[in-house]
Amino acid sequence: LLHYSHNQQRTSLSGNSVNMVMEDRHGYIWIASESGLDRYVEGSETFQRFGEQLNRPGSIKSIVQGPAGRLWLGSLKGLISFNPTTGTVRYFDMNDGLPTNDFFQKAALKTKTGELYFGSPKGFTHFEPAELRDLQTPSYFYFTDFSVFNEEQSPNSSTSSLSKVLPFTEKLEIRPD
């Protein structure tokens with residue numbers, strides 16, 4: 001009987017609150033915990049931490065491997081698709097059409113046909129990973145403040161280039177003098 005727990009070593013588990021353990025198709029053991037994602041390194045009895053690669057430290061609630069070999073992680077910040085071979089990460093959240101960003105621990109399933117299911121406080125989310133596409137929504141940005149030499153500019157001020165408030169300004173000329 002072996003027991004592993006978190007300690008000050010960088011090669012220990014990232015945390016003791018383990019939510020789910022999974023073996024991938026290559027035989028690697030993956031640990032989803034409240035502190036992130038770890039992979040057990042067989043033979044050395046150590047763990048490799050992946051929290052920094054995911055760029056979202058924190059709770060990983062569930063884990064399944066999709067048909068293409070990517071790891072799919074349920075978290076409190078949406079779903080994460082992680083390719084352990086290349087290190088590429090893709091995040092999915094409510095902006096991508098998920099009903100919530102919160103997913104439950106151990107509430108993940110891959111079916112025989114490769115479909116994935118993740119449980120949440122709003123039911124469950126079901127999808128085929130190969131059919132996911134990026135949303136083609138245009139991005140817009142707006143200026144909310146305008147300062148020159150740390151002095152906020154306001155319309156009709158003697159030192160301001162603004163003749164209207166920023167949301168209604170169509171064109172702004174800034175002279176280098």
Side-chain angles (χ1 to χ4, degrees), residues 1-42 44-141:
L1 180 67
L2 297 173
H3 174 77
Y4 300 98
S5 60
H6 172 73
N7 60 42
Q8 298 306 316
Q9 301 291 325
R10 292 265 319 139
T11 57
S12 74
L13 277 173
S14 58
N16 287 330
S17 294
V18 174
N19 292 324
M20 194 168 175
V21 179
M22 182 211 74
E23 182 178 10
D24 72 14
R25 63 172 136 186
H26 301 293
Y28 293 118
I29 304 297
W30 294 89
I31 297 91
S33 75
E34 292 298 314
S35 301
L37 178 68
D38 302 326
R39 185 176 73 191
Y40 177 66
V41 181
E42 199 168 351
S44 68
E45 308 293 314
T46 61
F47 296 85
Q48 182 179 0
R49 297 178 183 177
F50 287 87
E52 289 178 11
Q53 277 185 277
L54 296 178
N55 198 24
R56 283 195 181 178
S59 183
I60 303 296
K61 297 295 190 177
S62 59
I63 180 171
V64 292
Q65 186 171 36
R70 297 181 72 83
L71 300 181
W72 287 84
L73 314 169
S75 76
L76 295 177
K77 296 179 180 177
L79 295 176
I80 304 167
S81 174
F82 173 58
N83 184 327
T85 305
T86 64
T88 57
V89 180
R90 173 78 201 284
Y91 305 101
F92 298 89
D93 58 23
M94 291 174 64
N95 294 321
D96 298 298
L98 292 176
T100 181
N101 288 336
D102 300 327
F103 290 89
F104 287 138
Q105 67 185 34
K106 299 182 218 166
L109 169 74
K110 179 179 97 174
T111 66
K112 292 178 192 174
T113 60
E115 297 167 306
L116 303 183
Y117 289 77
F118 286 88
S120 74
K122 294 191 175 185
F124 65 88
T125 298
H126 159 248
F127 60 95
E128 170 61 54
E131 294 177 9
L132 291 180
R133 302 286 179 255
D134 288 335
L135 292 176
Q136 299 299 319
T137 55
S139 297
Y140 300 99
F141 67 93

Requested in this report: For Tyr40 and Gln48, test the side chains for any donor-to-acceptor distance below 3.5 angstrom and give the result as yes or no.
Outcome: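 Gln48 and Tyr40 do not have a side-chain donor-acceptor pair below 3.5 Å.
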
Are [X] and [Y] close enough that some pair of their side-chain heavy atoms sits under 4.5 Å apart?
| X | Y | answer |
| --- | --- | --- |
| Phe103 | Ser75 | no |
| Ile63 | Leu37 | yes |
| Lys77 | Asp93 | no |
| Glu128 | Pro67 | yes |

Query raised in the report: Got a donor-acceptor contact below 3.5 angstrom from the Arg10 side chain to the Arg49 backbone?
Result: no

Query - Sidechain-backbone polar pair: Asp24 side chain, Gly69 backbone, donor-acceptor under 3.5 Å - result: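 Answer holds: no.
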
Query raised in the report: When you look at OH of Tyr28, are more than 12 heavy atoms from neighbouring residues, nucleotides or ligands closer to it than 6.0 Å?
Result: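 Open: at most 12 neighbouring heavy atoms sit under 6.0 Å from OH of Tyr28.
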
Report task. Might you confirm whether atom CD of Glu45 has over 12 heavy atoms from other residues, nucleotides or ligands at distances under 6.0 Å? Result -> yes

[X] [atom1] to [Y] [atom2] distance, which is reported to the nearest 0.5 Å:
| X | Y | atom1 | atom2 | answer |
| --- | --- | --- | --- | --- |
| Thr88 | Gln53 | OG1 | CD | 10.0 Å |
| Leu132 | Arg90 | CG | CZ | 8.0 Å |
| Lys61 | Leu79 | NZ | CG | 14.0 Å |
| Thr85 | Arg70 | OG1 | CZ | 9.5 Å |

Donor-acceptor list for residues 13-21 side chains, cut-off 3.5 Å, not counting sequence neighbours:
from, atom 1, to, atom 2, distance (Å)
Ser14, OG, Asp38, OD1, 3.1
Ser14, OG, Asp38, OD2, 3.0
Asn16, OD1, His6, N, 2.6
Asn19, ND2, Glu34, OE2, 2.7
Asn19, ND2, Ile60, O, 3.0

**Report entry** Trp72: ring-ring contact (aromatic ring centres under 6.0 Å, His included) partners, not counting sequence neighbours
**Finding:**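 Trp72 satisfies ring-ring contact (aromatic ring centres under 6.0 Å, His included) with Phe92, Phe127 once adjacent residues are dropped.
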
Query raised in the report: What is the minimum heavy-atom distance between Ser5 and Ser12, and which atoms define it?
Result: O-CB, 3.8 Å

Report task. State, to 0.1 Å, how close Trp30 and Arg39 come at their nearest heavy-atom pair, and which atoms those are. Result -> CZ2-CD, 3.4 Å

Can you give me every donor-acceptor pair (side chain of residues 112-120, partner residue at least two apart or in another chain, under 3.5 Å) with its distance?
from, atom 1, to, atom 2, distance (Å)
Thr113, OG1, Thr111, OG1, 3.0
Thr113, OG1, Glu115, OE1, 3.1
Glu115, OE2, His126, NE2, 3.2
Tyr117, OH, His126, NE2, 3.4
Ser120, OG, Lys122, N, 3.1
Ser120, OG, Gly123, O, 3.2

Report task. Dump the intermediate steps for side chain to side chain contact (heavy atoms under 4.5 Å, CB included) on Val89 and Ile80, then the final yes or no. Result -> CA-CA 7 Å; Val89 180; Ile80 304 167; 3.7 Å; yes

Query raised in the report: Given Phe47, which of Ile31, Thr11, Ile29 fulfils the side-chain contact (heavy atoms from CB on, under 4.5 Å) condition?
Result: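 Testing each of Ile31, Thr11, Ile29 against Phe47, the sole residue satisfying side-chain contact (heavy atoms from CB on, under 4.5 Å) is Ile31.
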
